[in-house]
Amino acid sequence: MNALGMKGFPEVGSIERNILNIIGGKYGKTAYQVALNWILRQQGLVTIPKAASKEHIIDNLNALGWELEKEDMEQIERYFPL
């Protein structure tokens, strides 16, 4: 299972988390929003994002309405193979 699966979200300072942070910076998004955007574009993958507060719901919604560029999708897929 990849780092977005059973192992949980990548730890701060890990290569995987840094990749998501760098990509997120390009779009003005968080690493979580990048990951959620990517997951929602994958066929056969389902995610249930945490929504314990109004802020979580707003953060989750900010993962929608924009698209990752092809190069960013490919980079994520290299670090988080399905």
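Computed from a predicted structure; not experimentally measured.
Enclosure of atom NZ in Lys50 is not indicated, since only 12 or fewer non-hydrogen atoms of other residues, nucleotides or ligands lie within 6.0 angstrom. Surrounding CD of Glu71 are more than 12 heavy atoms belonging to other residues, nucleotides or ligands, all under 6.0 Å away. Atom CD1 of Ile58 has more than 12 neighbouring heavy atoms from other residues, nucleotides or ligands inside a 6.0 Å radius.
A distance of 9.5 Å separates CZ of Phe9 from CG of Leu36, quoted to the nearest 0.5 Å. Atom CD of Glu69 is separated from atom CD of Gln75 by 11.5 Å, given to the nearest 0.5 angstrom. Interatomic distance, CG of Leu20 versus CZ of Phe80, reported as 4.0 Å (0.5 Å rounding). A distance of 4.5 Å separates CD1 in Ile39 from OG1 in Thr47, rounded to the nearest 0.5 Å. Put simply, CD on Glu16 and CG on Asn18 are 9.0 Å apart, with the number rounded to the nearest 0.5 Å. From Glu77, atom CD reaches atom CG of Leu68 across 10.0 Å, with rounding to the nearest 0.5 Å.
Side-chain N or O atoms of Gln33 include one that pairs as donor or acceptor with a backbone N or O of Asp59 at under 3.5 Å.
Residues Met73 and Arg41 have side chains in contact (heavy-atom distance under 4.5 Å, counting atoms from C-beta outward). The shortest side-chain heavy-atom distance between Pro10 and Tyr79 does not fall under the 4.5 Å cut-off. Proximity of Lys29 to Trp66: side-chain heavy atoms (C-beta onward) are separated by under 4.5 Å at one or more points. For the pair Thr30 and Asn62, the minimum side-chain heavy-atom distance is 4.5 Å or more.
A pairwise comparison of heavy atoms in Ala51 and Ile57 identifies CB-CG1, 3.8 Å as the closest pair.
With no hydrogens or angles considered, a side-chain donor-acceptor pair links Tyr27 and Asp72 at under 3.5 Å.
Taken together through direct or relayed side-chain contacts under 4.5 Å among Ile, Leu, Val, Met, Phe, Trp and Tyr, Leu64 and Leu45 form parts of separate hydrophobic clusters.
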